Structure formats: C-alpha cells, structure tokens
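Residues take their numbers from the sequence shown, with the count starting at 1. Please read all numbers here as calculations on a predicted model, not as lab measurements. Just so it is clear, the values below take in all heavy atoms, side chains as well, and ignore hydrogens, waters and symmetry mates.
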Amino acid sequence: VAGAPAQTGKLVQQGQKVLVIGGGGKSGLLCLYEAKKRAVVSRRVIDDEICNYHFNSQISDSLTIESKTFDSCIFESIDFSNIKLIDVELIDVIFINCNLSNQVFDNKMLSRVVFNNCKLVGISFIDTILHDIEFINCNTKYINLSGSNITDFKITDSDFSDSTFNECILKNVELTNVNFSNTEFLHAPLKNIDFSNCDINGITIDKQSLEGIVISKFQAHIIAKMF
C-alpha cells in the first residue's frame with residue numbers, strides 16, 4: 001500500500017481512463033492524484049466512492065469527476081470552475097465557500113447536503129431527488145429545480161432570484177430572508193410554505209400553486225395584481 005501512489009505514477013499513461021478501487025483512504029486518494037496528473041489529456045479519474053474526506057486545496061488543472069458518490073465529505077474553498085462533475089451523487093456532504101456555478105446534478109439524488117456561503121449561479125437540479133438540503137448565505141441565481149422532489153429544504157439569507165421551481169414537489173420547506181424575485185413556481189404546490197419574510201416581487205405562479213401558501217398582507221397585494 002505504501003508504494004501504491006508511486007506505482008500508479010509509473011503505470012498511468014496519457015489519455016487513459018483510470019479505475020481506483022478503494023480510493024477513499026489516504027493511499028487511495030494519493031493514487032487518484034497521481035492518476036490525475038498522468039492522464040493529462042482528458043484529466044479523467046474514475047472511482048466509485050469517496051468517504052470521510054476533507055477537500056480544502058485548489059485544483060488549477062481541468063478535471064472530470066465521473067460516476068462517483070461522495071459520502072460524509074467536506075469541500076472547503078474549492079472553485080469548481082475547471083472541474084466537470086458527471087453522474088455524481090452526494091450524501092452527508094458540506095460545501096463551504098465553494099463555487100459550483102453551472103454544475104449539473106440532473107436526475108440524481110442528494111441527501112443531507114449543506115451549501116454554506118457558496119456561489120451556485122446557474123446550477124441545475126432538474127428531476128433530482130433532494131432530501132434534507134440546506135442553503136446558507138448562498139448566491140443561487142438562475143438555479144433550475146424543475147421537476148424535482150424536494151423534502152426537508154431549508155434556505156437562509158440566500159439569493160434564488162430568476163430561478164425555476166416549475167413542477168416541483170415541495171415538502172417541509174423553511175425559508176428565512178430569501179430573494180425569490182422573478183422566480184417561476186408553475187405547477188408547484190406551495191401549501192404551508194411560509195414566504196412572508198422573502199422577496200417575491202416579479203414571481204410567476206399559477207392559481208393552483210398558490211393554494212395554502214403563507215404570505216404577508218403586502219405580498220398578498222403583490223400577488224393579487226397578477227390575476
């Protein structure tokens with residue numbers, strides 16, 4: 001095991017796809033790093049699952065992470081601008097001060113994930129299962145959650161303006177000081193969801209989705225003008 005990273009460096013050639021079994025430990029992660037450096041053409045490293053790891057260093061080279069599950073991991077101060085995530089699932093994961101703008105998690109499952117002080121502009125969660133997800137002080141403009149099944153969803157001090165929640169199933173949602181201006185909620189029932197301390201100016205919503213929504217008197221005046 002001690003010599004595995006060095007051996008990986010000798011074996012991996014440019015353009016190869018690399019499968020590392022047991023890449024969650026220290027030696028395995030070093031093997032992944034060596035493979036990533038050697039497979040320089042596509043920067044593609046493939047593994048099945050990474051558990052209990054704290055990622056806190058910048059990655060300047062282009063990298064594709066594919067068909068991977070991250071379990072009980074922390075990503076801190078990582079800019080994913082040069083990292084392409086494909087077919088990635090997240091379980092018990094925390095993102096702190098990260099930039100995940102324009103990443104795609106369509107048709108996936110995320111469970112018990114926290115985004116804290118992150119930039120998530122244009123991120124896509126179309127037809128995704130989202131369970132126990134929290135956004136704290138995040139810039140999530142242009143997020144697309146169309147068709148997603150969302151339960152135990154908490155948003156605090158975040159910008160969700162110009163976003164899309166069309167045809168979502170929303171259950172047990174807690175909102176605190178969220179900017180939803182110019183956001184769409186079409187065919188997305190909002191019963192028992194409290195928007196009273198949120199900005200809903202310019203939202204697009206249908207009458208059926210409004211049934212049971214909790215809003216302030218001022219917001220009721222805004223919505224009344226829509227119909």
Side-chain angles (χ1 to χ4, degrees), residues 79-81 85 90 93-227:
D79 186 349
F80 286 81
S81 298
L85 302 176
L90 306 172
V93 172
I94 299 173
F95 293 93
I96 305 170
N97 300 322
C98 292
N99 179 11
L100 287 135
S101 294
N102 299 312
Q103 293 292 343
V104 176
F105 294 94
D106 296 348
N107 299 290
K108 303 311 300 176
M109 187 272 290
L110 280 72
S111 181
R112 299 184 297 278
V113 178
V114 176
F115 299 94
N116 190 344
N117 197 37
C118 292
K119 184 178 180 181
L120 309 167
V121 176
I123 196 168
S124 182
F125 294 108
I126 297 173
D127 294 324
T128 299
I129 296 173
L130 298 168
H131 172 68
D132 197 1
I133 310 298
E134 184 171 6
F135 297 86
I136 305 167
N137 192 32
C138 290
N139 179 2
T140 49
K141 291 186 61 145
Y142 309 111
I143 187 173
N144 193 341
L145 291 136
S146 297
S148 290
N149 191 325
I150 303 169
T151 57
D152 298 327
F153 200 59
K154 186 175 182 180
I155 310 174
T156 305
D157 297 326
S158 296
D159 185 357
F160 274 70
S161 60
D162 298 287
S163 296
T164 306
F165 285 79
N166 295 341
E167 300 183 342
C168 280
I169 297 173
L170 294 152
K171 296 181 179 178
N172 195 21
V173 176
E174 183 178 338
L175 307 173
T176 305
N177 191 31
V178 185
N179 181 7
F180 285 115
S181 60
N182 303 313
T183 290
E184 294 185 1
F185 294 93
L186 297 175
H187 309 293
L190 303 176
K191 185 176 181 179
N192 298 325
I193 300 178
D194 189 348
F195 286 80
S196 61
N197 59 13
C198 300
D199 184 350
I200 61 170
N201 282 292
I203 68 166
T204 301
I205 192 168
D206 58 283
K207 290 183 178 180
Q208 289 74 21
S209 298
L210 277 172
E211 293 181 6
I213 190 174
V214 180
I215 53 177
S216 67
K217 291 182 179 179
F218 175 76
Q219 292 169 326
H221 182 67
I222 293 173
I223 291 177
K225 292 181 177 180
M226 297 171 53
F227 301 100

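Side chains of Asn172 and Asn192 form no contact here, defined as non-hydrogen atoms less than 4.5 Å apart. The closest side-chain heavy-atom distance from Ile193 to Leu170 is below 4.5 Å. You'll find the side chain of Ser196 reaches within 4.5 Å of the side chain of Gln219, heavy atoms only. In this structure the side chain of Leu210 reaches within 4.5 angstrom of the side chain of Phe227, judged on heavy atoms. With contacts defined as side-chain heavy-atom distances shorter than 4.5 Å, the pair Met226/Ile205 qualifies. Residues Thr151 and Phe153 form no side-chain contact, since every pair of their non-hydrogen atoms from C-beta on lies 4.5 Å or further apart. Side-chain atoms of Ser181 and Asp199, non-hydrogen and from C-beta on, do get closer than 4.5 Å to each other. Looking at Lys171 and Ile169, their side chains come closer than 4.5 Å, going by heavy atoms from C-beta outward.
Aromatic ring orientation, Phe185 versus Phe165: parallel (interplanar angle below 30°, classes split at 30° and 60°).
Checked against Phe195 for a side-chain contact (heavy atoms from CB on, under 4.5 Å), the options Val214, Ile203, Ile213 give a single hit: Ile213. The only member of Asn144, Thr204, Asn166, Thr164 that meets side chain to side chain donor-acceptor pair (under 3.5 Å) when paired with Glu184 is Asn166.
Contact record, Thr156 with Ser158: O-OG, 2.9 Å, taken as the closest heavy-atom pair.
For the pair Thr128 (side chain) and Phe105 (backbone), a donor-acceptor distance under 3.5 Å is present. Judged by distance alone, the side chain of Glu167 and the main-chain N or O of Ser148 form no donor-acceptor pair under 3.5 Å. The backbone N or O of Asp159 sits less than 3.5 Å from a side-chain atom of Thr140, completing a donor-acceptor pair. A donor-acceptor pair is defined here as one N or O able to donate and one able to accept, closer than 3.5 Å; no such pair exists between the side chain of Asn99 and the backbone of Phe80. A donor-acceptor pair is defined here as one N or O able to donate and one able to accept, closer than 3.5 Å; such a pair exists between the side chain of Thr183 and the backbone of Ser163. Here the side chain of Asp206 pairs a donor or acceptor atom with the backbone of His187 at under 3.5 angstrom. In this structure, the side chain of Glu134 does not engage the main chain of Val113 through any donor-acceptor pair within 3.5 Å.
From Ile143, atom CD1 reaches atom SG of Cys138 across 9.0 Å, with rounding to the nearest 0.5 Å. Asp127 CG to Asn107 CG: the interatomic distance, rounded to the nearest 0.5 Å, is 5.0 Å. Rounded to the nearest 0.5 Å, atoms CG (Leu130) and OG (Ser111) are 9.5 Å apart. A distance of 11.0 Å separates CG of Leu175 from CD1 of Ile200, quoted to the nearest 0.5 Å. For the atom pair Ile150 CD1 and His131 NE2, the distance stands at 13.0 Å (nearest 0.5 Å).
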Pair up each side-chain donor or acceptor in residues 115-123 with any protein partner under 3.5 Å, not counting sequence neighbours, and list the distances.
unit_1, atom_1, unit_2, atom_2, d
Asn117, OD1, Asn137, ND2, 3.0
Asn117, ND2, Asn97, OD1, 2.5

(request) Quick one: do Thr176 and Ile155 satisfy side chain to side chain contact (heavy atoms under 4.5 Å, CB included)? Show the steps, please. (result) CA-CA 6 Å; Thr176 305; Ile155 310 174; over 6 Å; no
(message) Between Phe95 and Phe135, is the ring-ring contact (aromatic ring centres under 6.0 Å, His included) condition met? List the steps.
(response) CA-CA 10 Å; Phe95 293 93; Phe135 297 86; over 10 Å; no
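Summarising the local packing, CZ of Phe218 is surrounded by 12 or fewer heavy atoms from other residues, nucleotides or ligands at distances under 6.0 Å.
Looking only at atom types and distance, the side chain of Asp106 has a donor-acceptor partner in the side chain of Ser124 under 3.5 Å away.
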